[in-house]
There are 2 protein chains.
Amino acid sequence: MATTGSNGQEARAASVKDVAALAGVSLGTVSNVLNRPDRVSVQTKARVETAMAELGFVRNESARQLRAGRSNALAYIMLDGSNPFFTDVAQGIELTAEAHDLSLFTCNSGNRTDRETVYLSRLEQQRVQGVLITPVDPDDKALDELPRRGTPVVIVDRTRSTNTHCSVAVDDVLGGELAVSHLIELGHEHIAYIGGPNTLGQVRDRRRGAHKALADAGLGPDHLVDITTDALTVDEGRKAGERLAGRPASNRPTAAFCANDMLALGLLQQCVALRMAVPDDLAIVGYDDIDFAAAAAVPLTSVRQPRRELGRRAAELLLAETTDPNHEHQQVVFTPELVVRSSTRR
Amino acid sequence: MATTGSNGQEARAASVKDVAALAGVSLGTVSNVLNRPDRVSVQTKARVETAMAELGFVRNESARQLRAGRSNALAYIMLDGSNPFFTDVAQGIELTAEAHDLSLFTCNSGNRTDRETVYLSRLEQQRVQGVLITPVDPDDKALDELPRRGTPVVIVDRTRSTNTHCSVAVDDVLGGELAVSHLIELGHEHIAYIGGPNTLGQVRDRRRGAHKALADAGLGPDHLVDITTDALTVDEGRKAGERLAGRPASNRPTAAFCANDMLALGLLQQCVALRMAVPDDLAIVGYDDIDFAAAAAVPLTSVRQPRRELGRRAAELLLAETTDPNHEHQQVVFTPELVVRSSTRR
DNA sequence: GCCTCCATTTGAAAGGTTTCATCAAAACTG
DNA sequence: CAGTTTTGATGAAACCTTTCAAATGGAGGC
């Protein structure tokens, strides 16, 4: 083991040149051992490999990339690292990347445009093969720049008004419809829709679905009570619960449809705190079907999105775009599915 | 806007050389604009910047790194991306990295040694400034290699028998002690400890703390019933609940201390399913105090670890190690804190 | 003994950025 | 106005890997 000096801090990392010198071969041969081992005689190969081991040689990825002109990495910019929905999507992407022998860099914008911008620019500078992103605002012009300069960008779990990118999403209108139809079937006619802010396309689409379900059942839009939140978090769910409970019992919805599970879990918690029985006093439907939804003490009925599949497909679209030069942008839309549990049904 | 050809696929990305040519200056000047703008006259700077904009110039990070000998990125290899505890730790790291203008790459080993190895090696090849890792096995020899070759590695939320690395952890023995003392104070004398597998140091340490609490209260070790699980997941928590419920009421613990919150949430869910009241029939204490613990329908008493702080401190240690050549490895140990909620107290 | 073929190995060039010693010109100093 | 300092710009070298055309040497054919 060739440690130098005091505590293993090498003066300089060993390069192919050093390996070549020690093994008594040319630089090109070392490279051949690394990249085309079959073109090298067994003896030379062995000699080079011993030299590498002795020097603790580590390939320099920067130099490799510089030469190759691109890296072998993908990146996913997540909207909210603390929401399990996104980590599950990331898992789907990761598996696909792994299958193609690519690294995946996971970044977290935390709902902040500035962070998103910084990451986009850094990743472009890294020359990643492509970027998957769940953007803060899918219509942001900044998302056009990378593709224009040759780095493909795929939009995940959002859709864009223009089809300048590939995108993978789930039909949110249908999801809202499923949720509310289910509640109507159970006899609920006074339903709260909890979600916000309204700038989020998904919040709007899911509400639209809810209205559609009402209309199909011959109920007017006034049967849906809008409770707008500031964010899709557990904490906002709790606050929504307070607002709901604050209404006189006569004018209180008997069911709530939440724009995501984090809200629903907060609402559920508040219900318990305020001694409102779920589902008897209030039936609850969430959205996303994160693992914690099933694990809630009153397991949550939720609209399931195929999270890992979403990630997998997005990664595949990205890879298709990187390989095929004249590629047509595709908008993939998955179908959500209602998972019924105790929060709506005894 | 200098798009060429059909759909924005540039023939070749513009380089400093192209910018220099277009701006009519030398290559070195372009570099100066980028790195020491004050050494360049305003006019030249303006000219260069226009040229950059026109060509859509994007710095090539590989070349930069190659020249610099190292990247400006850190990496965190998480043990389990689906456990919010780790994503919170990651957030702490991220904020520190951001403050120092470094990128953070988050990787997920998913509890698999092979993935961990692949990531370690890739990150070393990328010449990241250092690696933060919550390893599958903190005593794995593989963790020695990177530091030996000059890439610092900091161990997060684990401790190692030898002090060859910096590490940041929380006192798990104390945590176990806090949890069980609390239960004893509430009058429980028959307590289940749910956790596993026993290869995990944390599972062992927390049990040790539990026994310590018993001893301090003058109770023998037989007052703690061991229920060993295969993993620290919600699902395993449910199974543990079944096992617990399977015992004759006369010999059933009145309280359970779970090695983490995922287990506790699973257990809680199973209790509800089996109509065991929490905390009346079974009091539950979890560990980690993830956000979902407070949001559970019976809010969970839990041992809080300073998650973001853990990440923050780990990142700082890493940065200290990268800058200070003869740096002494430090073992930072945080103190956990008991957060009492309804799952143990009415 | 000459020629061809094949398996190995070689050496140079390229890729884009940064740095640094050097130069040129302009701005002062006295 | 000659000499000196300051400011701004330059060009070459270095970072490390990969690739590819060319060279080497040995085996086999005639």
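In what follows, chains carry the letters A, B, and so on, assigned in the order in which the sequence lines appear, proteins first and then strands, with residues in each chain numbered from 1. Computed from heavy atoms alone, side chains included, the values below leave out hydrogens, waters and symmetry copies.
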Atom CG of L27(B) and atom P of dT19(C) are separated, to the nearest Å, by 13 Å

Whole-Å distance, N60(A) CG to dG15(C) C1', equals 13 Å

Scanning both residues in full, the closest heavy-atom pair of R47(B) with G24(B) reads NH1-O, 4.3 Å

Bend angle of the helix from dG1(C)-dC30(D) to dG30(C)-dC1(D), end axes from five pairs each (to 10°): 50°

Take atom NZ of K17(B) and atom P of dG11(D), then tell me their distance rounded to the nearest Å. 13 Å

Under a 4.0 Å heavy-atom cutoff, the residues of residues 33-43 of chain A touching DNA chain C are R39(A), V40(A), S41(A)

Look at the side-chain N and O atoms of S15(B) and state whether any lies under 4.0 Å from the OP1 or OP2 oxygen of dG15(C). no

Mind checking T44(B) for me? I need base, sugar-phosphate or nothing, with any heavy atom below 4.0 Å counting as a touch. sugar-phosphate

Under 3.5 Å side-chain donor-acceptor pair for R308(B) and Q91(B): yes

Specify the residue among T29(A) and R59(B) whose closest nucleotide of DNA chain C lies further upstream toward the 5′ end. T29(A)

Phosphate OP1/OP2 of dT18(D): any R64(A) side-chain N/O under 4.0 Å: yes

Is there a side chain to side chain contact (heavy atoms under 4.5 Å, CB included) between F85(B) and D157(B) once you walk through the steps? CA-CA 10 Å; F85(B) 173 78; D157(B) 193 44; 3.3 Å; yes

Step by step, work out the salt bridge (Lys or Arg N to Asp or Glu O under 4.0 Å) result for E94(B) and R312(B). CA-CA 8 Å; E94(B) 194 162 33; R312(B) 206 176 62 72; over 6 Å; no

Can you tell me if N108(B) and T106(A) form a side-chain donor-acceptor pair at under 3.5 Å? no

Does K45(A) come within less than 4.0 Å of D38(A), counting only side-chain N to carboxylate O? no

Separation of atom CG in N32(B) from atom C1' in dT19(C), rounded to whole Å: 9 Å

M52(B) has an atom CE; how far is it from atom C1' of dG16(C), in whole Å? 13 Å

Which is true for V30(B) with a 4.0 Å heavy-atom rule: it touches a base, it touches only sugar-phosphate, or it touches nothing? nothing

Using heavy atoms to find the nearest nucleotide of DNA chain D for R47(B) and A63(A) separately, return the residue whose nucleotide is more 5′. R47(B)

State, without any angle test, whether Q65(A) and R70(A) hold a side-chain donor-acceptor pair at a distance under 3.5 Å. no

Could you give the CD-to-P distance, from Q65(B) to dG16(C), as a whole number of Å? 16 Å

Whole angstrom is fine here: how far is it from CG in L66(A) over to P in dT18(D)? 11 Å

For R39(B), I'd like to know if atom CZ has over 12 heavy atoms of other residues, nucleotides or ligands within 6.0 Å. no

Shortest side-chain distance from S31(A), nucleotide among dT18(D), dT10(C), dG16(C): dT18(D)

Would you kindly give the CZ-to-P distance between R67(A) and dC15(D), to the nearest whole Å? 18 Å

Under 3.5 Å, is there a donor-acceptor pair between the Y76(A) and T134(A) side chains? yes

Is a salt bridge present between E61(A) and R127(B), judged by a nitrogen-to-oxygen distance below 4.0 Å? no

